[in-house]
Amino acid sequence: NAGVTQTPKFQVLKTGQSMTLQCAQDMNHEYMSWYRQDPGMGLRLIHYSVGAGITDQGEVPNGYNVSRSTTEDFPLRLLSAAPSQTSVYFCASSFISPGSSSYEQYFGPGTRLTVT
Amino acid sequence: SQKIEQNSEALNIQEGKTATLTCNYTNYSPAYLQWYRQDPGRGPVFLLLIRENEKEKRKERLKVTFDTTLKQSLFHITASQPADSATYLCACFSSGSARQLTFGSGTQLTVLP
């Protein structure tokens, strides 16, 4: 199993540009989520999904869109990049079925995004 | 608003000693609390989960306690080693919203040889 994969690893954008951060998992997890991590702020939830076709907002959703057309993929779209979106972005996945006792989140390696 | 605080940004301890990290929560009644380890340039890795009706959970050299009266969890690493040096994150979620984890900002632990 590859686990959770994210592409790209690094990205530099100019203000106003748009892009999509890719996330894929091969563990058949129902739950997928996107976080951003900033110094001193911890991980903050952007959007999450509990299954294909179902998405919801987290703590900091503004400026980001998501969709979940398959169980495996959960892309994050930046509509019009701003310097405030400079951050490290992590995708995570987990089971949420009753048989899962730990709700262990599996994280990807992260995407380091700089917006100039 | 719900808040998770890890009250030490950095902790240095000597090899062989027990490291104790603290996680406090406010405006919150989490049903579950998790601890993660994060190494520089990598995503967090799950270590342990403890439920609100559990006082203590152990895994090898790791021990987690959960005090719902104090609204606090303590994370202990016994016989610490330099390889334990990392940032440790606590995260909580409620039983009604297992989909929304709230993370603390982490404690950077350095174990000195």
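Below, chains carry the letters A, B, ... as their sequence lines are ordered, and counting in each starts from 1.
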Do [X] and [Y] belong to the same hydrophobic cluster, where Ile, Leu, Val, Met, Phe, Trp and Tyr are linked whenever their side-chain heavy atoms lie under 4.5 Å apart, directly or via other members?
X	Y	result
A/Leu43	A/Leu78	no
A/Ile46	A/Val4	no
A/Leu13	A/Val88	no
B/Leu74	B/Leu11	no
A/Met32	A/Tyr48	no

Which atoms of A/Gln37 approach chain B - backbone, side chain, both or neither, heavy atom under 4.5 Å: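 The side chain, not the backbone.
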Contact class of A/Arg44 relative to chain B, heavy atoms under 4.5 angstrom: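 Answer is neither: A/Arg44 stays 4.5 Å or more from chain B.
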Centroid-centroid distance, B/Phe46 to A/Tyr106, less than 6.0 Å: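 No, the ring of B/Phe46 stays outside the 6.0 Å limit from the ring of A/Tyr106, centre to centre.
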Heavy atoms of other groups near B/Gln14 CD, more than 12 under 6.0 Å: yes
Which atom of A/Met41 lies closest to which atom of B/Ser105, heavy atoms considered: C-CB, 4.2 Å
Least distance between heavy atoms, A/Tyr103 atom then B/Gln34 atom: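 So the two residues come closest at O-NE2, 2.9 Å.
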Partner chain A: residue of B/Pro44, B/Gly106, B/Ala91 with the largest heavy-atom pair count (under 4.5 Å):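 Of the candidates given, the most pairs with chain A belong to B/Pro44.
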Nearest-0.5 Å distance that lies between atom CG in B/Leu101 and atom CG in A/Leu45: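 The CG atom of A/Leu45 is 8.0 Å from CG of B/Leu101, to the nearest 0.5 Å.
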Separation between CZ of B/Phe103 and CD of A/Glu59, rounded to the nearest 0.5 Å: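 Spacing of CZ (B/Phe103) from CD (A/Glu59) equals 11.5 Å.
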Donor-acceptor contact below 3.5 Å, side chain B/Arg42 vs main chain A/Gly110: no
Region of B/Gln6 that comes under 4.5 Å of a non-hydrogen atom in chain A: neither
